[in-house]
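For reference, the structure discussed in these notes is given below.
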Amino acid sequence: MTARIERVGVVGGGQMGTGIAEVCARAGLDTVVCEVDRAAAESAREKITASLERAVRRGRSDRSDTDAALTRLTFTDDLDNLRDRQLVVEAVSENPEVKTELFEVLDKIVGDPDAILATNTSSLPVIRLAMATGNAERVVGLHFFNPVPVMPLVEVVETLHTAPETLTAAREFATGVLGKHVIHAQDRAGFLVNTLLVPYLLSAVRMTESGFAGPEDIDEGMQRGCAHPMGPLKLADLIGLDTVAAIAESLYQEFREPLYSPPPLLKRMVEAGLLGRKTGRGFYEYGED
Ligand SMILES: NC(=O)c1ccc[n+]([C@@H]2O[C@H](COP(=O)([O-])OP(=O)(O)OC[C@H]3O[C@@H](n4cnc5c(N)ncnc54)[C@H](O)[C@@H]3O)[C@@H](O)[C@H]2O)c1
């Protein structure tokens, strides 16, 4: 199995991909971020640079560490640049067709058979992505939490085909290299955390949809009444309403329980492009920062 992981690839440079790339670069790893086109790759570079600069301004990191992390990052729109990677973390949009096709291609590109292909999917069966490759044993779920530089947890998801060596290397990467805490999760839609969290978020959407309470009251209730760091609708906006709806859909497809079914308001907001923080408007409106 792979020697110490030093060369990492991240596919998808959105909220999660940039966070994962940032923590990898900070941990001293040579990190290549791959996006759909050059403009998206450039936007990923800007997001990570802004996040690293923010950490310096807030005294969480010093200038020399930030500059060193930036030199370890490369941005591309060509998957071929992932050929020599020892670990690739897929963090593209929660779309089963896009992810499946990507795993098929990555498997051919990432030459070393010991290299690990990981997915950050929130809810899709990891085995489906594994079976799109010719070597399901090297595929594992590494489910990070948002924002990645801040949140300490990673769910490590084992499929029916994940090799024990892959699992061990993935756990060691998350804990020993990135300094995260891991929990083991089974390959079921939503894994552990989202299976509990998403019905709660959907209940808050239904509550506001029915006119029972407005977003501010719901969020304040949970924040001040239950000491949650943020209320469910602010959290849904942070996750991205498209992602929340996609997770709900996967959970519903898997378990057929009404509590997982995405409410009409959520689906309409996604269709309207009101995706939360990342588009500037969801249940709340957001400024530039
Ligand atoms: N948002 C969260 O809180 C959260 C938490 C944990 C896991 N996840 C999972 O992480 C993944 C990404 O979520 P996100 O919030 O970063 O989404 P996002 O919308 O912020 O970013 C997705 C990125 O993927 C890129 N992309 C799409 N297809 C691509 C391809 N074929 N090649 C390269 N890049 C491609 C898009 O251009 C976009 O920049 C999803 O699977 C999601 O379920 C999200």
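Any value given below was found using the heavy atoms of this structure, including those in side chains, with hydrogens, waters and symmetry copies removed. In each ligand, atom 1 is the first atom listed, and ligand 1 is the first ligand listed.
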Heavy atoms from other residues, nucleotides or ligands near CD of Glu53 exceed 12 (cutoff 6.0 Å): yes

Could you go through ligand 1 and list every pair where one of its N or O atoms sits under 3.5 Å from a protein N or O, giving the atom names and the distance to one decimal?
| from | atom 1 | to | atom 2 | distance (Å) |
| --- | --- | --- | --- | --- |
| ligand 1 | 1 (N) | Ile239 | O | 2.7 |
| ligand 1 | 3 (O) | Asn146 | ND2 | 3.2 |
| ligand 1 | 8 (N) | Ser122 | OG | 3.1 |
| ligand 1 | 10 (O) | Asn120 | ND2 | 2.9 |
| ligand 1 | 15 (O) | Gln15 | NE2 | 3.4 |
| ligand 1 | 16 (O) | Gln15 | N | 3.3 |
| ligand 1 | 16 (O) | Met16 | N | 2.8 |
| ligand 1 | 19 (O) | Lys278 | NZ | 2.9 |
| ligand 1 | 20 (O) | Gln15 | N | 3.0 |
| ligand 1 | 37 (O) | Glu35 | OE1 | 2.8 |
| ligand 1 | 37 (O) | Glu35 | OE2 | 3.3 |
| ligand 1 | 39 (O) | Glu35 | OE2 | 2.5 |
| ligand 1 | 41 (O) | Val92 | O | 3.3 |
| ligand 1 | 41 (O) | Glu94 | OE1 | 2.5 |
| ligand 1 | 41 (O) | Lys99 | NZ | 2.7 |
| ligand 1 | 43 (O) | Glu94 | OE1 | 3.0 |
| ligand 1 | 43 (O) | Ser122 | OG | 2.6 |

Shortest non-hydrogen contact from Asp30 toward Arg85: OD1-NH1, 2.7 Å

Mutual orientation of the aromatic rings belonging to His228 and Tyr200 [parallel < 30°, tilted 30-60°, perpendicular > 60°]: perpendicular

Residues Thr76 and Asp78: side-chain donor-acceptor under 3.5 angstrom: no

Distance-only donor-acceptor check, side chains Glu90 and Thr119, under 3.5 Å: yes

Heavy-atom closest pair, residues Phe191 and Ala185: CB-CB, 3.9 Å

